Amino acid sequence: AGSIVVVILFLGLSTLAFMNLEGFSRRDAFYYCCTVLTTVGYGDLVPATNAGKAFTMAYILLGLTLVTTCIGTIINEGANMATAGPPQLPTVRRELRSLALAVLLVLLVNCIGASWAIYVDGVSVLDGFYWALVTSSTVGFGDIETSEATRTFNACYMILAVGSVALGLGKLVEVICNIGKVRRIEKFCSRGVTNELIAEIDVGGDGAVSRLEFASYMLVASGKLNQNDLSEVMALFDQYDLDGSGSIDQDDVADRKSTRL
């Protein structure tokens, strides 16, 4: 909720600023803010004053850091709400299904934009989809002339379209990585537990594999955890496990503090 408020306030205050600096109408100022924030940048509205240009530079730097971070947080929160419930083991089918849903979202958003341009501006079907894709991909050539009604529609549409395409491309990369992890897990599980595997996992050299050793090996083998990160975590544990008992209690913490003093 906080991230949404930040985005709304940023766009609202920036709209007011460009209204005063450039004399844009409220709609045009908001439209201009959206074209800059999404990096679509058609070029149909540009700052004419030095103050407007200076503010645009600050707006770009702040917008592409603060607001995009907030938008990423909003997307992540939405994804977490969608996946709420008991954790499920990843499978290739589940990953492909999530990718298919993301692709459908991208297609739906582009179809909405294309349909608007076709029926409102009277462009051809090809030009309609061309305009929608140029917008959603942030290429923003600006070579398709659109009406005032489309500018009003596009002020909100481009945020939705660009966000959907970014989500789809991010999901594509995520699915490719996750499928690789699933394949590694499946390969590992198909081997079963053998004496060779026990010897490979057995860091302590006692001929047995503990629950922690098995879990640590699986996390690294599946690509969910980097070996260096695991080593750093275990090194931190060892710093507090001064008596070598394999566990940390309040006495260990007190002893650690006394040795540092």
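The structure displayed is predicted, hence computed values, not measured ones.
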Side-chain heavy atoms under 4.5 angstrom apart, residues restricted to Ile, Leu, Val, Met, Phe, Trp, Tyr: same cluster for [X] and [Y]?
X      : Y      : result
Tyr130 : Val165 : no
Val120 : Leu133 : no
Leu108 : Leu104 : no
Val123 : Phe153 : yes
Val103 : Val175 : yes

Closest contact, heavy atoms only, [X] versus [Y]:
X      : Y      : value
Val46  : Tyr32  : CA-CE1, 4.2 Å
Ala48  : Glu22  : N-OE1, 2.8 Å
Gly52  : Pro47  : C-CB, 3.8 Å
Gly128 : Ile118 : CA-CG1, 4.0 Å
Gly113 : Ala132 : C-CB, 4.1 Å

Just so I know, are the side chains of [X] and [Y] near enough to count as touching, which here means a heavy-atom distance under 4.5 Å?
X      : Y      : value
Leu212 : Ser216 : yes
Arg94  : Leu99  : no
Phe237 : Glu232 : no
Trp131 : Thr135 : yes
Tyr157 : Val109 : yes
Asn154 : Trp116 : no

Hey, what do you get for [atom1] ([X]) to [atom2] ([Y]), rounding to the nearest 0.5 Å?
X      : Y      : atom1 : atom2 : answer
Leu37  : Phe30  : CG    : CZ    : 9.5 Å
Glu174 : Leu167 : CD    : CG    : 9.0 Å
Leu64  : Thr39  : CG    : OG1   : 7.0 Å
Thr35  : Tyr42  : OG1   : OH    : 8.5 Å
Cys33  : Met19  : SG    : CE    : 10.5 Å
Ser14  : Leu62  : OG    : CG    : 7.5 Å

Any side-chain to backbone donor/acceptor pair from [X] onto [Y]? Under 3.5 Å, distance only.
X      : Y      : value
Glu95  : Ile176 : no
Glu213 : Ser210 : yes
Asp28  : Phe24  : no
Arg27  : Arg151 : no
Ser115 : Cys111 : yes
Asp121 : Ser147 : yes

Exercise for the section: Please work out which of the three classes, parallel, tilted or perpendicular, describes the rings of Phe55 and Phe18, given edges at 30° and 60°. Expected result: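 Rings of Phe18 and Phe55: perpendicular, as their planes differ by over 60°.
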Only distances under 3.5 Å count here; give the side-chain donor-acceptor pairs of residues 4-11 to other protein atoms, sequence neighbours excluded, each with its distance to 0.1 Å.
none

